[in-house]
Structures are given as structure tokens and as C-alpha cells.
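Residues: numbered from 1 along the sequence shown. Quick note: numbers below take in every heavy atom, side chains included, and nothing from hydrogens, waters or symmetry partners.
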Amino acid sequence: MTLRIATDDDLAAIMDLERTSFPTDAWSEAMMREELVSPHGRYLVDLEAGRLVGYGGVRAVAGAADADIQTIAIAEAARGRGRGRALLRALLQTARERGAREVFLEVRADNPAASALYVSEGFTEIARRPRYYQPDDVDAIVMRLDLVAWTAARADGAAPASEPGVCT
């Protein structure tokens, strides 16, 4: 597993995975391009044998108290091996380095694997947005993480209870 900062050269591969992972509500290429170049975001790609198998992004304005996980996607064949967790942790670290104290995200209510990952890292549900994901009429679960506590727990060597397949 190799994580690195995404570049414009990764856009085509990111968009292929975006459309495969989110067929009914994929971001447009223009939106993703803007995310990749935004000074307030950081997007990472996960490569295996030179091929993009995952990506994720965080919006974390330097000095702001909060940040948002924008997206995480892992190719179906690469799931279940800790790649999503590794991406999430790297994005959380970026947010902390930029000064964030808490991180928010939305996850589809029909995605229990992603929800379980977020809960295992310490995110808690704080709200629901009914019918947020269109055209599927799927609720968004809004989650929050106390990033200061998460960072302290990691520094103390504490690890979440379930950590199968973490890539290091």
C-alpha cells in the first residue's frame, strides 16, 4: 500500500473509481478537479502496483477548529484489508496538523461497512439528513469526531477495539 497526495494526473483514475463506487451520485469531474487543487483540501490516493485502488479527501482550512471528510472510496477488490482505515487516519492527521479540533462527515445510511469504520475510530452520530442522497432517497448520517481526543489516544498507544487488516 502506498499513500500519496493526489495530483491532477490522478484525476481520470479517481473519476473511474468515483463513478464505480457512487454510480447514482458521483461527483462531476469539474467538482473533483476543484477539490484536488483547493488550498483548503488534501486528497490522497492509495496505489497498489502502480494502480489507483482508493482515494480520500479532507477539507481542513488552516487554523479552523473543524474539518470535513469529503469522501473515501476503495475499489471493491481492495476492500477489507485496512485501506479505508489507513486513508481515514491519514486524512485525520492532516486535519489535526492544520489545527482542527473536530471532524465531521456524512455517510449513507445504507453503507454499514463505512459507518462501522467511522464508529471504530471514534466518530459518533449527531444528526440525520433525510433523503440527502439523491436520486436514491437515502438518509445521510452526520458524524463527529473529537480529533483532540483521537490524537491523544493514538499518542498514548491506545488503538480502537477493532482494527483488522490495518496497513502500515
Quiz item: Leu145 and Glu121: side-chain contact (heavy atoms from CB on, under 4.5 Å), yes or no, with the steps?
Solution: CA-CA 8 Å; Leu145 174 73; Glu121 286 294 327; 5.6 Å; no

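- Between Phe22 and Thr71 there is a side-chain heavy-atom pair separated by less than 4.5 Å.
- Between Leu3 and Arg83, every side-chain heavy-atom pair lies at or beyond the 4.5 Å cut-off.
- Transitive grouping of hydrophobic side chains (ILVMFWY, heavy atoms separated by less than 4.5 Å) keeps Ile5 and Met15 in distinct clusters.
- By the side chain to side chain contact (heavy atoms under 4.5 Å, CB included) test, Leu47 pairs with Thr2, Arg4, Val45, Leu52, sequence neighbours left out.
- Residues Trp150 and Met143 share a hydrophobic cluster, clusters being chains of Ile/Leu/Val/Met/Phe/Trp/Tyr side chains in contact below 4.5 Å.
- With Ser38 contributing its side chain and Glu34 its backbone, the two residues share no donor-acceptor pair below 3.5 Å.
- Inter-residue side-chain proximity for Leu92 and Ile69 is flagged as met; some heavy-atom pair is nearer than 4.5 Å.
- Here the side chains of Leu17 and Tyr55 are in contact, with some heavy-atom distance below 4.5 Å.
- The hydrophobic clustering, which links ILVMFWY residues whose side-chain heavy atoms are closer than 4.5 Å, places Leu87 and Val53 apart.
- With rounding to the nearest 0.5 angstrom, the CG atom of Leu105 is 8.5 Å from the CG atom of Asp68.
- For CD of Glu125, the number of neighbouring non-hydrogen atoms (other residues, nucleotides, ligands) closer than 6.0 Å is greater than 12.
- To the nearest 0.5 Å, atom CZ of residue Arg98 and atom NE2 of residue His40 are 9.0 Å apart.
- With hydrophobic clusters built from ILVMFWY side chains whose heavy atoms lie under 4.5 angstrom apart, Val119 shares a cluster with Ile141.
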Practice problem: Check the pair Gln70 / Met32 against side-chain contact (heavy atoms from CB on, under 4.5 Å), numbers first and verdict last. | Solution: CA-CA 11 Å; Gln70 298 292 91; Met32 188 64 75; over 6 Å; no

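- Residues satisfying the ring pair (Phe, Tyr, Trp, His ring centres under 6.0 Å) test with Tyr43, not counting sequence neighbours, are none.
- Looking at heavy atoms from C-beta onward, Arg154 lies in side-chain contact with Arg89 at the 4.5 angstrom threshold.
- For the residue pair Val138 and Ala109, the shortest heavy atom distance occurs at CG1-N, 3.8 Å.
- Between atom CD1 of residue Ile14 and atom CD of residue Glu35 there is a gap of 10.5 Å, rounded to the nearest 0.5 Å.
- Here the rule is side chain to side chain donor-acceptor pair (under 3.5 Å) with Arg131, and of Asp137, Asp139, Asp136 only Asp137 fits it.
- Within the model, atoms CG of Asp46 and CZ of Arg51 stand 10.0 Å from one another, a figure rounded to the nearest 0.5 Å.
- Here the closest non-hydrogen pair linking Ala95 and Ala60 is CA-CB, 3.9 Å.
- For Arg144, the side-chain hydrogen bond (donor to acceptor under 3.5 Å, both in side chains) criterion is met by Glu102, not counting sequence neighbours.
- For Val148, the side chain to side chain contact (heavy atoms under 4.5 Å, CB included) test picks out Arg96, Arg101, Asp146, with sequence neighbours left out.
- By the 4.5 Å heavy-atom criterion applied to side chains, Met31 and Glu18 are not counted as neighbours.
- Smallest separation of non-hydrogen atoms from Leu36 and Ala6: CD2-CB, 3.8 Å.
- Residue pairs that meet the ring pair (Phe, Tyr, Trp, His ring centres under 6.0 Å) test with at least one member in residues 112-149, sequence neighbours left out, are Tyr118-Phe123.
- Between Ile72 and Leu117, the closest side-chain pair of non-hydrogen atoms is not below 4.5 Å.
- Val37 belongs to no hydrophobic cluster, as no Ile, Leu, Val, Met, Phe, Trp or Tyr side chain comes under 4.5 Å of its own.
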